[in-house]
Protein chains: 2
Amino acid sequence: MKIGQATIKDIARELNLSASTISRALKDYPGISEETKKKVKEVAEKMNYRPNAIALSLRKSRSFTIGVIIPEVVHFFFSTVISGIEEVAFSRGYNVILTQTNEKIEREKSSINTMLSNQIDGFMVSFSKETEDFEHFSKLIEQGYPIVFFDRVPDIPHAINVMVDDYQGAYDATSHLISQGYQKIVHLSGPKNLKISHERARGYTDALKNHGIPVRPEYIVESAVGTPDEGKEITKKLLSSLPDLPDAFFGNNDMAAVGAMLACKEHGLRVPEDVGIVGFSNWQFCSMIDPSLSSVFQPGFAMGAKATEVLLDIIEKKIDVDDFNSPIVLETELMVRNSSKRIFK
Amino acid sequence: MKIGQATIKDIARELNLSASTISRALKDYPGISEETKKKVKEVAEKMNYRPNAIALSLRKSRSFTIGVIIPEVVHFFFSTVISGIEEVAFSRGYNVILTQTNEKIEREKSSINTMLSNQIDGFMVSFSKETEDFEHFSKLIEQGYPIVFFDRVPDIPHAINVMVDDYQGAYDATSHLISQGYQKIVHLSGPKNLKISHERARGYTDALKNHGIPVRPEYIVESAVGTPDEGKEITKKLLSSLPDLPDAFFGNNDMAAVGAMLACKEHGLRVPEDVGIVGFSNWQFCSMIDPSLSSVFQPGFAMGAKATEVLLDIIEKKIDVDDFNSPIVLETELMVRNSSKRIFK
DNA sequence: TTGTAAGCGTTATCAA
DNA sequence: TTGATAACGCTTACAA
């Protein structure tokens, strides 16, 4: 907002025309003489005119801005999603306002409020780990605000959800471990209130069942893990407490899996000979560690892009909110690397 | 922007008061009766009134929004910086509009334009690798737009730059390698047009000189590396083409260093026994790979936070642009890990 | 082909 | 203690 930014009025004054004429000339409205158009555009150029998007927003009750609420920016998967959001928003002429909640529900709510104040056209949300009650979202939906959830999605009416096929990803990962001859597979599961955690746990359980392997409750360990250290600690405890030593770990995320790997190594177990390990997310470092970590690829960029497309389509009324009664599900892909490739025979 | 959002006018109508009275009552202006204030606030609450930030922006010519232009979101260091920006902006009541340039100058310019249109209060910029001419920034500075550069900073008059002490970081890293007995140290340097690349190369060179080790031009290899694969290829070529085999690699970033490590391993060289390796940035994976990678820690979060504080102070006129004739420099810290700890004696 | 006036939501100024 | 009015920059009926 610079003092001296030229406005339509300035151009009007310069040319002895009215503001409305300038406005129309600039947008090639019919019924403006070619000559006037030319003059106006020249002067606009010369004066370095730039439309004031704020004034436009006020006038049109549209800000061409979407608000993104995300737990953490410093997170490989989420940053990938943001990148996808960015791309689509940019190409369709929208701005992105970003806030991270740091997994705090208070911050989530307050972000929603500032965004509402800022008249954003729609929301993209992946909620915090603390969020167990979705009232604040339901209210928005009721009031008719366009809102698309991604990755961490709520189970509430009329929510538009974009997610990865966590169930299938977990199922594939577990089946793969079984196919490599691992039998006593531990699942380091995620926070209970996240649907993705349930789905992954369900995929794990079903894979075991379908292969005739008993599901042991003591093999499912919750770890709200964000760091490898946490995963390492948990695994260490398991290795020294479980009477029957596990021979594989399926992590709810790559951090947990790396932690498990470190703990196993320390415990004198060889990966993948003695213990197989598979993670979830396929972070960059999977191929850089030794042994390289097998992991379930989550299409983060595609998710961000898809979610944004849907949101913008709703905002622009190209599609209707009611067209979505089931979530949009993106496929995962199991990336098999050395941590789970047991050398047979 | 929802149909039905209550405005000051709605409250005024409801209470048979004027809009100005409502406005004043809501902000506890003096000269409004306590009774009126109370009534107004009650009704505002009831009607779920929310000030329209857009209208405010128009009125005040201030948007309380800062624009962040960054090469890539999916990048550990930059995402850390964004996080720092986010924190400070949020705590001081500012919004963050984010765009990534994907290292394209065209996108950089067009982002600046939309941000200008959106009347942002100031810019935070880390420019693209393609950017060699800083005209578009100089113009902004001349016009008086608050703008703070971070990490990748330009060498232009009146620019406010926040950076890491790349020189010292590189000097420390190189000295450390020397102290561990490595002598033939290769530097995988960064893109030429980035000042940080120069500084790191300079730190490397000076460290060699000060330890009486000759600087060999063929040991400084430019690698605009973003991926380990690229770093690996370059290192492979070096290992098979250089007559005198290097015994250490100092990477301009961690990706390059990991690439070098992979190449060395493939070449049958042991790390750190035969070859020492140090990276730059201290990405998360440094401690997860085998051997763990020594690296120079860059305080990304602190950089984002500091840069934002300065920007907001300028915007709020707490400090003057002219107070900064030299860059703000943040300290690095060498994290010594196994990739460069040679076992002596 | 162009101009006038009203309005988007808010607040500062002046008047009552 | 409160109200009327104008203005921020732009668009759009409606009028000319």
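We name chains A, B, ... by the order of the sequence lines, and we start the count at 1 in each one. The structure displayed is predicted, hence computed values, not measured ones.
Between the C1' atom of C:dC8 and the NZ atom of B:K9 lies a distance of 8 Å, rounded to the nearest Å. In this entry the distance linking CD1 of B:I54 with P of D:dA7 reads 23 Å, nearest Å. Remark: P of C:dG7 and CD1 of B:I8 are 18 Å apart, rounded to the nearest angstrom. Regarding B:L58, its CG atom lies at a distance of 13 Å from the P atom of C:dC8, rounded to whole Å. One can place CZ of B:R62 at 18 Å from P of D:dC8, the figure rounded to the nearest angstrom. If you measure from atom CG of B:L56 to atom C1' of D:dC8, you get 11 Å, rounded to the nearest angstrom. Going from atom CZ of A:R24 over to atom C1' of D:dA13 covers 10 Å, rounded to whole Å. As rounded to whole Å, 14 Å separates atom P of C:dG3 from atom CD1 of A:I11.
For the 3.5 Å distance criterion, the side chains of B:T131 and B:S128 qualify, holding a donor opposite an acceptor.
Comparing the local axis fitted to the first five base pairs of the helix from C:dT1-D:dA16 to C:dA16-D:dT1 with the one fitted to its last five gives a bend of 50°, rounded to 10°.
One distance of note links CG of B:D28 with CD of B:E34; it measures 7.5 Å at 0.5 Å rounding.
Where B:N16 and B:R59 each meet DNA chain D at their nearest nucleotide, the meeting point lying more 5' is that of B:N16. Both A:I32 and B:K27 lie near DNA chain C, and the one whose nearest nucleotide falls closer to the 5' end is A:I32. Position along DNA chain C of the nearest nucleotide to B:A55 versus B:S20 favours B:A55 as the more 5'-ward residue.
Within residues 33-43 of chain B, the residues approaching DNA chain D are B:S33, B:T36, by heavy-atom distance under 4.0 Å.
Partners of A:D323 by side-chain contact (heavy atoms from CB on, under 4.5 Å), not counting sequence neighbours, listed by chain and number: A:I319, A:D320. Shown here are the ring-ring contact (aromatic ring centres under 6.0 Å, His included) partners of A:F123, two or more places apart in sequence or in another chain: there are none. With sequence neighbours left out, the ring-ring contact (aromatic ring centres under 6.0 Å, His included) criterion links A:F77 to no other residue.
For the pair A:T21 and C:dT2, the criterion of a side-chain N or O lying under 4.0 Å from OP1 or OP2 is not met. Side-chain nitrogen and oxygen atoms of A:Y29 include none within less than 4.0 Å of the OP1 or OP2 phosphate oxygen of D:dT11. Look at B:S18 and you'll find a side-chain N or O under 4.0 angstrom from OP1 or OP2 of D:dG3. For the OP1/OP2 pair of D:dC8 and a distance below 4.0 Å, the side-chain nitrogens and oxygens of B:K60 include no atom meeting the criterion. For D:dT11, the OP1/OP2 oxygens have a side-chain nitrogen or oxygen of A:S23 closer than 4.0 Å. Distances shorter than 4.0 Å separate some side-chain N or O of A:Y49 from OP1 or OP2 on D:dC10.
Of all heavy-atom pairs spanning B:E86 and A:T99, the tightest one is OE2-CA, 3.5 Å.
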Just distance, no hydrogens or angles: give the donor-acceptor pairs under 3.5 Å from side chains in residues 301-313 of chain A, sequence neighbours left out.
{"unit_1": "A:T308", "atom_1": "OG1", "unit_2": "A:G304", "atom_2": "O", "d": "2.6"}
{"unit_1": "A:D313", "atom_1": "OD1", "unit_2": "A:R92", "atom_2": "NH1", "d": "3.2"}
{"unit_1": "A:D313", "atom_1": "OD1", "unit_2": "A:R92", "atom_2": "NH2", "d": "2.9"}

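The aromatic rings of B:F127 and B:F149 stand perpendicular to each other, their planes meeting at an angle above 60°, with 30° marking the opposite boundary. Between B:F78 and B:F150, the angle of the ring planes goes over 60°, which puts this pair in the perpendicular group of the 30/60° scheme.
Comment: A:E316 engages A:K318 in a salt bridge, judged by a side-chain N to carboxylate O separation of less than 4.0 angstrom.
Here A:T7 lies in heavy-atom contact (under 4.0 Å) with sugar-phosphate atoms only.
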